[in-house]
Amino acid sequence: MTQDKQIISTDKAPAAIGPYSQAVKVGGLLFMSGQIPVNPSNGAIVSEDIQEQAKQSLENLKAVITAAGGSLSDIVKTTIFAVDINDFQAVNKIYAGYFDNNPPARSFVAVKELPKGAKIEIEAIAYLN
């Protein structure tokens, strides 16, 4: 099975800040690590605004799936981790712009804190033909 495992990496998304990969492809499945709202060019959180943070996290996911040869439309499941459950509607406004047609299954989970003081982290699973 390990010969089918492919590590996906791109400099268009933030580098991993620990012992993990940006994404791992096994067969037709792509498992993408959570993306926080870090600008890949300078390593800084983009803004304190939750909508700007959601947008950057989604742009980072988009960069990773593009590096794997896919697109956002290939995503079948996302999980959103947020430090404030009250940001649900604000995040939905941004999220809907990325997944407006046949959106993936999704979970939205409130957490105590996230790396680098981020307010949001988004991970995803995609199916690539």
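None of the values given here were measured: they were computed from a predicted structure.
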Report the residues that fulfil ring-ring contact (aromatic ring centres under 6.0 Å, His included) with Tyr127, sequence neighbours left out, ordered by chain and then residue number.
-> none

Are the side chains of Pro115 and Glu121 in touch, meaning some heavy atoms are under 4.5 Å apart?
-> yes

Would you check if Glu123 and Thr78 make a side-chain contact, meaning some heavy-atom pair closer than 4.5 Å?
-> no

Hey, are the side chains of Ile75 and Ile65 touching, using non-hydrogen atoms and a 4.5 Å cut-off?
-> yes

Please check if Leu61 and Ile8 belong to a single hydrophobic cluster, counting links between Ile, Leu, Val, Met, Phe, Trp and Tyr side chain heavy atoms closer than 4.5 Å.
-> yes

Are Leu29 and Met32 joined in one hydrophobic group, where the rule is that I, L, V, M, F, W and Y side chains link up if heavy atoms are under 4.5 Å apart?
-> no

Where the side chain of Asp100 meets the backbone of Gly97, is there a donor-acceptor pair that is under 3.5 Å apart?
-> no

Name all residues meeting the side chain to side chain contact (heavy atoms under 4.5 Å, CB included) criterion together with Ser21; count only those two or more places apart in sequence or in a different chain, and write none if there are none.
-> Ile7, Val24

Scan for side-chain hydrogen bond (donor to acceptor under 3.5 Å, both in side chains) pairs involving residues 80-91, sequence neighbours excluded, and state none if there are none.
-> Asp84-Asn86

Residue list, side chain to side chain contact (heavy atoms under 4.5 Å, CB included) with Pro103, at least two apart or on another chain | Phe99

Note, Asn102 side chain near Ser73 side chain (heavy atom, < 4.5 Å) = no

With side chains defined as the heavy atoms from C-beta onward, is the minimum distance between Ile122 and Leu58 less than 4.5 Å?
-> yes

What residues, two or more places apart in sequence or in another chain, satisfy side chain to side chain contact (heavy atoms under 4.5 Å, CB included) together with Ser9?
-> Gln22

Which residue pairs pass the ring-ring contact (aromatic ring centres under 6.0 Å, His included) test when at least one of the two sits in residues 100-124, sequence neighbours left out?
-> Phe88-Phe108

How does the hydrophobic cluster around Tyr20 look, that is, which other residues are in it when side-chain heavy atoms under 4.5 Å mark a link?
-> Ile17

Partner set under ring-ring contact (aromatic ring centres under 6.0 Å, His included) for Tyr98, not counting sequence neighbours | none

Nearest-0.5 Å distance, NZ of residue Lys55 to CD1 of residue Ile120 | 14.0 Å

Who are the ring-ring contact (aromatic ring centres under 6.0 Å, His included) partners of Phe31, not counting sequence neighbours?
-> none

Could you go through residues 41-50 and list every donor-acceptor pair under 3.5 Å that involves a side-chain atom there, pairing it with any protein atom two or more places apart or in another chain?
| from | atom 1 | to | atom 2 | distance (Å) |
| --- | --- | --- | --- | --- |
| Ser41 | OG | Asn39 | OD1 | 2.6 |
| Asn42 | OD1 | Ala44 | N | 2.9 |
| Ser47 | OG | Asp49 | N | 2.9 |
| Asp49 | OD2 | Gln51 | N | 3.1 |
| Asp49 | OD2 | Glu52 | N | 2.9 |

Under 3.5 Å, is there a donor-acceptor pair between the side chain of Asn60 and the main chain of Val38?
-> yes

Contacts of Val111 meeting side chain to side chain contact (heavy atoms under 4.5 Å, CB included) (sequence neighbours excluded), chain-then-number -> Phe81, Val83, Val109, Leu114

Is a side-chain donor or acceptor of Gln53 paired with a backbone partner of Lys119 at a separation under 3.5 angstrom?
-> yes

Considering all heavy atoms of both residues, which atom of Pro40 and which atom of Pro14 are nearest to each other, and what is their separation?
-> CB-N, 3.7 Å

In terms of heavy-atom contacts, Pro37 and Ser57 come closest through N-OG, 3.3 Å

With sequence neighbours excluded, give me every side-chain hydrogen bond (donor to acceptor under 3.5 Å, both in side chains) pair touching residues 103-114.
-> Lys77-Ser107, Asn92-Arg106

